[in-house]
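Remember, it's 1-based here, ligands and their atoms both numbered in the order they're listed.
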Amino acid sequence: MGDKKKVCIIGSGNWGSAIAKLIGYNAQRLNHFDSIVTMYVYEEMIDGRKLTEIINQEHENVKYLPGHKIPANVVAVSNLVEAAKDADILIFVVPHQFIKKQCEELKGKIKPNAVGLSLIKGFDQAEGGGIELISHIIKKILNIDVFVLMGANLAGEVADEKFCETTIGCKNPEFAPVLKDLIETDNFKVSVVDDADTVEVCGALKNIVACGAGFADGMGFGDNTKSAIIRLGLMEMIKFAETFYKPSQLSTFIESCGVADLITTCYGGRNRKVSEAFVKTGKSIEELEKEMLNGQKLQGPITALEVNHMLKTKNMENEFPLFTSVHKICTGALKPDAFIEQLRKHPEHK
Ligand SMILES: NC(=O)C1=CN([C@@H]2O[C@H](COP(=O)(O)OP(=O)(O)OC[C@H]3O[C@@H](n4cnc5c(N)ncnc54)[C@H](O)[C@@H]3O)[C@@H](O)[C@H]2O)C=CC1
Ligand SMILES: O=C(CO)COP(=O)(O)O
């Protein structure tokens, strides 16, 4: 990489806006980044004004991260290609259901030597009954190197500058320090590992476990039950990575992207919150997402669906009873109170 790298953030939701705060700060103070950072914003009208206009004038994403200033050197752009075309580093941070369409729009219109960093937690369904990691999809469509960043990083707390850690999965020793420089602050400490697929698998799967934690909360279970869900969820995550994403290193699961993200999401995340309400109110997940999240998007139930799509095709549903029952509860095929019964007969209890 040469000097003065231009950065574009693709996405401006809750996490996109929080990370824009850190990236804007670092791009401004570090010489090897262009101080102007573009941020692609999916345009919408808020009280008669464009969201891009509000962000560029008031430096706040009033819908997705209210109460936090985004640095003035972060410029909101509603045209995806305009935002991304000159960038050397593309930060992907949209809800995972939108990424394929956005990559198709960018195909052939970005710098050929750009690199990507995906902060997106989730999978996509592949043809033939499989699933694909989001970073692999981006890489395939855009023909660029894509690294990942996942961790115990609730966006509001990161924006509040409360100390936390994160994990970058990057095999390339040339880019790893550049990405670390771009993201790290005193309150957001980055560790880099080369086991990138496992990092991403952790980020995607922990959202399914968080739904299980929310169901247990909704049914009035306590902290011991939640710990059991976290542990069994972790065991399924490890088995999943070891089965489908070999070689996977066990040490990656004790990075921030693994056990730490599981804990934070099972206690403080949106997937947990909505899943608790699902049990308590009997409303559908889609209804609650609209009612409770003001446009933010849940990743857990769709990830459970995607994972189930593959497990079912491979006749492996019974080997992952937590993932499978979360999916069935989200779709109404199983009652929430059947969840604990599934855990009671979990194959981990040898
Ligand atoms: N929020 C958080 O605390 C964290 C989120 N993540 C991950 O980051 C990714 C992005 O999450 P958030 O930034 O929180 O997003 P979000 O949940 O706030 O989603 C809202 C965003 O989606 C956009 N959007 C809505 N409809 C759209 C459409 N049809 N096409 C394109 N965009 C549309 C909205 O404009 C907005 O920018 C997800 O994979 C999530 O799992 C990772 C760590 C923390
Ligand atoms: O990924 C997250 C924290 O690391 C956010 O989790 P939720 O999407 O459940 O809020």
Is there a salt bridge (charged side-chain N to carboxylate O under 4.0 Å, His left out) between Lys290 and Glu287 once you walk through the steps? CA-CA 5 Å; Lys290 282 202 184 79; Glu287 218 178 331; over 6 Å; no

Report the nearest protein non-hydrogen atom to [atom]: residue, atom name, distance rounded to 0.1 Å.
atom	result
atom 34 (C) of ligand 1	Tyr64 OH, 3.5 Å
atom 10 (O) of ligand 2	Arg270 N, 2.7 Å
atom 17 (O) of ligand 1	Lys297 N, 2.8 Å
atom 3 (C) of ligand 2	Asp261 OD1, 3.5 Å
atom 37 (O) of ligand 1	Gly13 N, 3.1 Å
atom 39 (O) of ligand 1	Lys121 N, 2.9 Å
atom 8 (O) of ligand 1	Trp15 CD1, 3.3 Å
atom 31 (C) of ligand 1	Tyr42 CD1, 3.4 Å

Give a yes or no on whether the backbone of [Y] and the side-chain of [X] come within a donor-acceptor separation of less than 3.5 Å.
X	Y	result
Lys21	Ala159	yes
Gln342	Leu322	no
Asn56	Ala76	yes
Glu60	Ile54	no
Ser256	Gly151	no
His32	Lys4	no
Asn308	His327	no
Asn61	Ser12	yes

Would you give the length of the straight line joining atom CE of Met150 to atom OG1 of Thr198, rounded to the nearest 0.5 angstrom? 12.0 Å

Measure the CG-CG distance between Asp181 and Asn31 for me, rounded to the nearest 0.5 Å. 11.5 Å

So which bit of [X] gets within less than 4.0 Å of ligand 1, heavy atoms only: side chain, backbone, both or neither?
X	answer
Val94	backbone
Leu119	backbone
Glu44	side chain
Leu154	backbone
Gln299	side chain
Asn14	both

Quick one: sort the Phe123 and Phe240 rings into parallel, tilted or perpendicular, breaks at 30° and 60°. tilted

Is Thr265 touching ligand 2 with its side chain, its backbone, both, or neither, if touching means heavy atoms under 4.0 Å apart? side chain

[X] bridged to [Y] by N-O distance under 4.0 Å:
X	Y	answer
Glu341	Arg344	yes
Lys107	Glu105	no
Asp34	Lys5	no

Would one find an N or O of [X], backbone or side chain, under 3.5 Å from an N or O of ligand 1?
X	result
Gln296	no
Phe98	no
Ala155	yes
Gln102	no
His96	no

Hey, which atoms in ligand 1 end up nearer than 4.0 Å to a heavy atom of [X]?
X	value
Ile120	39 (O)
Gly295	20 (C)
Ser12	37 (O)
Asn153	3 (O), 43 (C), 44 (C)

Give the atom numbers and elements of ligand 2 that come within less than 4.0 Å of a heavy atom of [X].
X	answer
Lys121	1 (O), 2 (C), 3 (C), 4 (O)
Asn271	7 (P), 8 (O), 9 (O)
Asn153	3 (C), 4 (O)

The one among Lys206, Met150, Glu157, Gln299 that brings a heavy atom closest to atom 6 (O) of ligand 2: Lys206

From Pro95, Gly16, Gly11 - option closest to atom 15 (O) of ligand 1 by heavy atom: Pro95

Contact summary for Leu90 and Ala114, nearest pair of heavy atoms: CD1-CB, 4.3 Å

Within-shell test, Lys101 vs ligand 1, heavy atom, strictly < 4.0 Å: no

Verify same cluster id: Leu334, Met316 (apolar side-chain graph, 4.5 Å): yes

Taking the cut-offs as 6.0 angstrom to the six-membered ring centre and 45 degrees off its axis, would you call Lys226 and Tyr267 a cation-pi pair? yes

Any atom of ligand 2 sitting under 4.0 Å from a heavy atom of Gly151? yes

